[in-house]
Structures are given as structure tokens and as C-alpha cells.
Amino acid sequence: MDTEGTHDAQHTAPQPSDGAHRPEPAVPRPAVPPTPPATAPRTPPPPAAPPTVPAPSAIPPGAAPVGSAAPEPPLLSWLRTPRPASAPGIWTLGHRPRPAQEPDRVPGRQLISGAVISFLCGWLLWSLLWNGYLGPYWFWPVDLLVPDAWPAARTPGDRTAYLVVSNAYYGLWIIGVIVVFGRIGRWSEVARRYVLPVIRLRRHTPASQPQPAADRAQWPDLRAHGATDAADKLAAEARTGRMNDVDVARIERAWRSVRSGKNSLVSFTDTVLRHGAAACAHPSGRRDLPRRTAHHDLLAHQVRIGTTADDLRNPYQHRGAGCALDPGVLGTSLLAVGPAGSGKTTRVVKPVVESMCLQALAGQSAVIVVGPAGSDLGPDEAFDVVVRVGRPDPDCDLDLYGGTTDPDEAAGILAEALVGDLAEQLPGGDSRRAATALAQLLGPFRAAHDRFPTVPELRELLDGAPQAMSALRTALQDGGDHTLLRELDARVRQSERPGDLGVLLADRIALLDRPAFAAFFDPTGSTRQVSLRALDHPLRVRIELPERGHAEASRILARLVLAQFTECAVARGDRSLFACLVLDEAAHTITAEALRGMQRLRSANAGAVLTLRSLDDIPDALRGTLLGTVGCRMAFAGVTTWDGARFAEVWGKEWVETRDVTDRQIIAEGAAMKAFHLFRHLVTGKAATAKAVTVRTVERERWSASDLANSVPPGHAVLSVTSVAGEHAPPVLVDLRS
């Protein structure tokens with residue numbers, strides 16, 4: 001089998017696990033992954049707390065059939081659960097689609113009372129008929145049609161015939177009364193709404209097992225294309241409980257690579273027969289996360305974040321449905337805005353990170369998580385690498401130059417990180433001149449030393465230290481590189497001009513030249529570094545920023561990671577993996593250049609998840625552009641009215657039907673009516689009026705700024721999503737607690 005090429009010495013070199021069927025390499029921890037055992041390991045036991053969290057097999061509650069003597073593994077029921085096609089953002093596992101328009105639904109109290117009254121009226125009518133209070137007229141058809149001998153009962157046969165005919169006639173009348181009063185009282189609607197669900201609940205029987213050709217647990221696609229032995233092995237692993245949902249998703253991805261011609265059927269079958277459910281393992285050797293806090297469906301690539309509220313402002317087809325996120329909508333990027341404590345991290349960011357880590361274990365995605373130190377974004381065991389910037393004795397380092405060897409590219413990324421937030425104040429209104437100034441130093445330094453400068457070395461060069469510039473000049477002269485020598489001379493001449501950007505760049509790079517960061521950003525190859533150039537492998541990386549004590553440095557590093565991600569995700573040769581950047585607390589990180597980079601992610605099978613406490617944390621000129629760039633927008637409870645106005649503007653308006661009710665006084669004409677109105681006015685204190693209803697169709701905002709600021713309950717958010725294919729869903733109110 002083919003193996004991936006090795007990276008540079010300063011970067012972590014992923015190693016494929018033994019027995020894997022062409023796995024996508026990642027940055028593993030430990031460096032050499034463990035060898036999968038000969039027999040598939042047991043699925044990890046479910047976590048003890050919280051009780052509502054699904055087991056590591058990620059099977060939703062209630063999926064297993066009821067009433068079987070020996071319950072089958074929940075994985076089989078999960079595989080067989082239907083996933084109907086639905087609008088983007090809807091949880092598809094077991095979803096029952098609803099009509100787009102709400103039917104004319106009678107209120108339950110009115111429906112029950114009407115049914116009871118109609119039943120009593122029908123009973124009263126039949127009692128009056130049966131007891132003769134309405135006369136014998138209703139029985140005349142029988143008297144006219146039957147022979148006279150039958151009522152006289154001259155023979156037993158006549159009496160029997162008369163009883164049969166008369167009882168049949170009574171039955172017709174009973175049926176007629178039931179039909180008439182049943183229609184009046186809507187008995188069919190009562191049965192459909194209240195009786196049938198109870199009957200189904202009490203007489204629930206497990207669905208008949210599907211035939212192997214249609215049973216997903218029997219791996220029919222493998223059987224149809226000649227991998228019968230592998231299908232039998234995997235089906236046995238699932239029946240015995242040695243397989244989980246990550247194994248299913250991972251092996252299905254490996255099978256798709258066989259169907260696309262990237263790998264051979266023989267090698268795939270051999271790997272499955274040798275390792276079973278552990279085949280094609282992630283380079284780290286892990287097959288699940290230590291614990292889960294959300295419901296996941298890896299076959300649909302979804303994570304459930306809540307339930308769409310049963311609110312009149314929500315479209316009828318969305319009410320009561322589960323709300324989910326997946327790469328299909330995250331590929332358009334997600335922006336979540338809400339004050340501290342509104343649930344952005346715990347109810348949205350953490351489930352998304354967990355989902356991306358599970359999909360990375362299945363070989364479907366690569367995730368980079370950036371957040372302040374101490375934020376709960378998952379345990380360390382859920383990631384291949386954890387970079388703790390500013391912490392002593394780091395296990396892994398961050399590549400300051402993004403793994404590139406091109407000085408101009410490295411200068412552009414670094415300039416965006418250092419002065420991107422000041423682009424409007426720079427000459428030209430962007431960071432191009434800053435990138436040119438950096439390139440005039442990075443190019444000569446790399447040519448002289450075959451590497452980029454460290455942070456202290458770059459600071460000296462930007463400051464124009466005579467010793468550093470002289471040493472670099474001497475190295476270039478010895479190498480005979482006159483072109484780069486002219487670049488260095490140009491930088492020296494520009495540094496002598498007033499307002500040179502080198503001074504600003506030196507001040508900004510000095511924020512990273514602190515004792516706390518002395519062990520970081522080492523380009524010499526002596527440390528184990530993470531490079532975002534490896535986004536074509538199923539990476540799971542978490543970067544912790546030292547926001548406390550080094551706030552400005554943290555913002556520089558956040559802009560650096562965002563710039564590297566937008567550049568590296570687009571430059572990937574293999575875009576089969578979904579690349580996801582999760583940036584928790586993106587204040588002072590969004591720049592004009594970053595927005596231009598994010599606009600290119602949609603076509604590169606990549607996306608970003610950003611959170612903000614307020615839109616005031618980014619420049620005013622970029623707020624509208626940011627909301628227009630991202631396809632998924634989320635406003636949490638507690639947003640201000642001016643933030644709500646931005647969301648209301650981008651969500652637009654819709655045509656709605658309104659009813660205007662007006663009261664007009666009734667003018668009595670006759671004396672009796674005037675007396676009655678006078679008496680009514682004395683009793684009620686109100687004049688006799690009549691209501692006039694006017695129905696109009698008007699255009700109104702889907703969610704107004706006032707509604708977003710004042711009508712969103714705690715624990716809720718208003719979410720709109722757009723898929724990569726262009727399909728979009730209107731903003732809906734989501735209960736994030738269910």
C-alpha cells in the first residue's frame with residue numbers, strides 16, 4: 001500500500017497505524033501510534049455522567065427495538081433508522097417531515113368539547129327516536145317494504161326475517177347518526193390526534209427486520225461489489241457489539257476510496273478480515289473519544305445542538321424538529337453572537353468541536369480549535385496535539401510561518417497577523433506595504449541561513465540593529481546572491497524614511513518576544529511543531545492562547561492562525577477532508593483580508609466557526625461584510641438592539657398575512673332593541689358593538705431588532721443556515737437546552 005511522504009524536520013511527521021487501509025495521516029500523540037490488536041477491542045463503556053449523554057457508540061435513546069427477548073446491539077438499530085431528506089439544519093435521524101404550511105388545526109379544548117356535545121346530541125336524537133317521542137314516521141320505510149305477514153309473525157321464519165330487516169334498518173339509522181354527528185363533532189380528528197397515538201404506544205411491535213439487500217447493517221454495497229467476506233466480517237462485528245459508529249463511518253469512507261479507484265479491493269478486504277472493526281484506523285490508534293456531551297449521527301455527519309421551538313415565528317415544518325449542524329452548512333462558516341454566559345461555548349462550540357473530532361477519527365475531517373487557556377473545549381485526550389502557548393515546557397510548538405518556504409507568502413501571513421487590525425490606518429488602507437517590508441527581510445535571511453528568523457532575530461532586523469544587518473549582509477555577499485542583497489539595501493533605505501512601517505512591525509513583534517514565549521515559534525527544527533500545511537490529514541489540534549496577561553499577543557496569534565488556515569485550506573491538493581477552524585472569541589481578529597480569505601473557504605471544502613460577544617468587537621466597516629460572508633448566523637439571548645438590527649437587516653423581510661380587528665357601535669332601530677341595548681350597557685358597562693375583520697398581506701421583518709433583544713428566552717438562539725449547495729433555511733428560534 002502507498003504511504004504518505006514525510007514532512008520537514010521541524011514539523012510533526014504523522015505515521016500510519018499498522019493494518020490501516022491507506023489512512024489519512026495526522027499529527028499523532030504519541031509520535032508512533034500503537035499497533036491495533038489482532039482482535040478488535042471492545043467498545044469503550046458508556047460514561048457515568050451525565051446520564052443524558054449517549055454511550056460512546058453514539059446511539060440515540062429509544063433507537064433499540066422494544067419487546068425482543070434478546071436485545072440486539074443499539075448500533076444495528078441506529079444503522080437501520082431512516083434518515084429522510086430534509087431542509088438544511090434539521091436533525092435527520094428518525095425525522096418525520098411535516099408539511100410546509102400549518103393545517104387548519106382546531107384547538108384541543110374546542111375539539112374535545114365539540115366532540116362531546118355532538119355525541120350527546122346524537123345520543124339524545126336516537127333516544128327520542130327509539131322511545132317514540134318523535135312519532136313512528138321514521139319507521140315507515142320498513143312498514144311499506146316488508147310483507148304484512150312478517151310483523152304478524154305467523155311462522156318462525158317470518159319473525160326471523162322481520163327481526164333481521166328491522167335490526168338492519170336500526171343499524172342504518174345508527175350509522176347515519178354517527179356519520180352526521182361525527183362530522184359535526186370532528187370525531188375523526190379526535191381519534192387521529194389522541195386515540196391512535198395511545199394505541200400505537202400500547203401495541204408497539206418492533207419493525208420487521210429488513211432484508212439483507214436493504215439492511216445497512218449487512219453492508220449491502222460491499223456485497224454488491226464483490227467484498228462478501230469483508231461484509232460478513234463487519235456484520236459479525238456489529239452483531240457482537242465490537243463495532244461503534246466511528247468504526248462504521250471510518251470503514252465506509254475507506255470503502256468509498258476503493259469505489260473511486262484510489263485503493264484496491266484486495267487490500268481493503270485483507271485489512272478488514274485481519275482487523276475487523278478496527279480496520280483503517282486513525283493514525284493515533286483511537287476509535288472513539290473519552291466522553292461525549294452531545295448527540296451525533298456520523299452517517300449524516302451531524303451533531304444535534306437543540307430543538308426548534310414550537311413558536312409561531314418559526315415555519316411550521318421546522319417546529320419541534322431537531323436542530324443540527326454538519327459540514328454541509330459549516331462549509332459556509334458560522335458566526336455566533338451573544339453575551340458572556342449565553343451558551344455560545346457550551347451549547348454550540350463544544351458540540352461542534354466534538355463532532356469534528358469524531359469525524360477526524362473517521363477520516364472525514366481536520367479540525368483546528370483556538371480558544372483562551374482554561375476554556376472547556378474538550379479533554380486533552382480528544383486531540384492529537386494540544387499547543388499551550390506561553391506555558392513552560394511545551395509538548396508542541398506552533399509554526400509562526402505556516403510551514404511555507406516562500407518568503408513572500410510567509411510575509412503576507414505574518415503581516416496580516418501583526419498589523420491586520422490596523423490596516424485602515426496604514427498607507428494604502430491594507431497590509432501590503434507591511435508584507436513587502438517583511439519580505440525584504442525574510443527572503444534574504446532564508447537564503448543566508450536556509451530557514452526563517454526566530455522572533456528575537458526578526459525583531460532585531462525590523463529595528464535595524466547594525467550588528468544583525470551587517471551579519472546578514474556579509475552572509476549574502478559570501479553567497480553571491482546580489483538580488484536579495486538589493487532587497488536588503490532597499491529595506492535599509494526605507495527604514496531611514498519617516499513613518500516607516502518597520503517601526504510598527506517591530507513594536508508588534510516585540511509582543512511575541514517575551515520570556516513567556518521564549519520556547520515557542522522556533523523555526524530551527526529543534527522543537528516539535530504543528531503546521532497548518534497538514535490540513536489534508538485528519539488532524540485534531542487545540543491551541544490555547546494566553547489571553548490573561550498577554551491579551552494583545554493572543555489576538556496576534558489568533559489572527560495568525562486564521563490567516564494560515566484560510567491560506568492553507570485553499571492551497572490543499574486533496575480537499576476530500578472537511579477542514580474546520582473553530583475560533584472561540586474572535587474579538588479583534590476579523591480583518592478585511594481575513595474576510596476575503598473566508599469567502600474562498602466554501603469552494604475548498606472548509607469552514608470557520610467564530611464567536612463574538614458583540615459585533616462592536618470588530619470595526620464598523622466590516623460588520624455588514626462579516627454577516628454577508630458567513631452563511632450561518634446565530635444570535636443568542638441577550639444581544640443588544642443595535643446588534644439585533646444588523647441581524648434583522650441581513651435576514652430580510654417576508655410576506656405575512658395580518659388581521660386588523662375594529663369595533664363599531666351597533667345602532668338600534670326599534671324600541672325593543674334600544675331597550676335591550678340600554679339594559680346591556682347598564683349590566684356590562686359597555687356599548688353594544690360589532691367586530692369588523694380586515695385581512696391584509698404585508699411585508700415584515702422575519703426577526704426585528706426588538707424581538708432579538710427582548711423576545712429570545714434564556715438558553716435559546718435564533719439560527720439561520722445556508723448549505724454549500726446554496727439551499728438555505730429561514731431564521732428559527734432554537735431551544736439549545738433540549
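On a predicted model such as this, the values are computed, not experimentally measured, just so you know. Numbers for residues simply follow the sequence, beginning at 1.
You'll find the side chain of V609 stays beyond 4.5 Å of the side chain of C632, heavy atoms only. Residues L361 and R540 form a side-chain contact, since some pair of their non-hydrogen atoms from C-beta on lies under 4.5 Å apart. Inter-residue side-chain proximity for H301 and L330 is flagged as unmet; no heavy-atom pair is nearer than 4.5 Å. Considering only heavy atoms from C-beta on, L265 stays 4.5 Å or farther from H225 through its side chain. Contact check for S333 versus L610: no side-chain heavy atoms found under the 4.5 Å cut-off. At least one side-chain heavy atom of P327 sits less than 4.5 Å from a side-chain heavy atom of M356. Side-chain contact between S576 and N605 is absent, with no heavy atoms from C-beta onward closer than 4.5 Å. Counting heavy atoms from C-beta on, the side chains of R575 and V570 come closer than 4.5 Å.
Residues A324 and W91 approach most closely at CB-CE3, 3.7 Å, considering heavy atoms. Closest non-hydrogen pair, A569 versus A604, comes out as O-CB, 3.8 Å. Across all their heavy atoms, W703 and P731 have their closest contact at NE1-O, 3.6 Å. A pairwise comparison of heavy atoms in R542 and G378 identifies NH1-O, 2.9 Å as the closest pair. The shortest heavy-atom contact between A294 and V303 is CB-CG2, 4.0 Å.
To the nearest 0.5 Å, atom OG of residue S355 and atom CG of residue L298 are 7.0 Å apart. To the nearest 0.5 Å, the span separating SG on C357 from CG on L377 amounts to 10.0 Å. Interatomic distance, L612 CG to M634 CE, rounded to the nearest 0.5 Å: 14.0 Å. Expressed to the nearest 0.5 Å, how far CG of L234 lies from CD of E252 amounts to 10.0 Å. Atom-to-atom distance recorded for L719:CG and R633:CZ is 10.5 Å, nearest 0.5 angstrom. One finds the CZ atom of R602 at 6.5 Å from the OG1 atom of T722 (value rounded to the nearest 0.5 Å).
The backbone N or O of A309 sits less than 3.5 Å from a side-chain atom of N314, completing a donor-acceptor pair. In this structure, the side chain of H282 engages the main chain of P538 through a donor-acceptor pair within 3.5 Å. A donor-acceptor pair under 3.5 Å is formed between the side chain of R250 and the backbone N or O of A279. A donor-acceptor pair under 3.5 Å is formed between the side chain of R572 and the backbone N or O of L577. Side-chain N or O atoms of K344 include one that pairs as donor or acceptor with a backbone N or O of G338 at under 3.5 Å. A donor-acceptor distance shorter than 3.5 angstrom exists from the side chain of Q302 to the backbone of I90, with no hydrogens or angles considered. Between the T332 side chain and the V329 main chain, a donor and an acceptor come within less than 3.5 Å of each other. Using modelled atom types, no side-chain atom of E237 and backbone atom of G276 make a donor-acceptor pair closer than 3.5 Å. Checking side-chain atoms of H318 against main-chain N and O of Y316 turns up no donor-acceptor pair under 3.5 Å. Side-chain N or O atoms of R80 include none that pairs as donor or acceptor with a backbone N or O of R216 at under 3.5 Å.
Residues D245 and W78 bring no donor and acceptor atom of their side chains to less than 3.5 Å of each other. A donor-acceptor contact under 3.5 angstrom links the side chains of D584 and T611, judged on distance only.
Salt-bridge annotation for D380 and R388: present, with a side-chain N of the basic residue lying under 4.0 Å from a carboxylate O of the acidic one. The residues R737 and D735 are annotated as salt-bridged, a charged nitrogen and a carboxylate oxygen being separated by less than 4.0 angstrom.
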Problem - Candidate pair R98 and R96, rule side chain to side chain contact (heavy atoms under 4.5 Å, CB included), full reasoning - result: CA-CA 6 Å; R98 305 175 71 177; R96 294 183 178 180; 6.0 Å; no
Exercise for the section: Apply side chain to side chain contact (heavy atoms under 4.5 Å, CB included) to I368 and L535, showing your working. Expected result: CA-CA 9 Å; I368 309 295; L535 284 177; 4.0 Å; yes
Practice task
Could you please spell out the steps behind the side chain to side chain contact (heavy atoms under 4.5 Å, CB included) verdict for D376 and T346?
Solution key: CA-CA 8 Å; D376 185 15; T346 57; 6.0 Å; no
Practice task
I would like to know whether N263 and F268 meet side chain to side chain contact (heavy atoms under 4.5 Å, CB included); could you show each step before the answer?
Solution key: CA-CA 7 Å; N263 294 295; F268 172 82; 6.0 Å; no
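For NE2 of H728, the number of neighbouring non-hydrogen atoms (other residues, nucleotides, ligands) closer than 6.0 Å is 12 at most.
In this view, F565 satisfies the ring-ring contact (aromatic ring centres under 6.0 Å, His included) rule with no residue, not counting sequence neighbours. Applying the side chain to side chain donor-acceptor pair (under 3.5 Å) rule to T629 yields the partners Q599; only residues at least two apart in sequence or on another chain are considered.
Partner of L733 under the side chain to side chain contact (heavy atoms under 4.5 Å, CB included) criterion, out of V712, D310, L312: V712 alone. Just one residue in the list R292, H296, Q359 forms a side chain to side chain donor-acceptor pair (under 3.5 Å) with E354, and that residue is H296.
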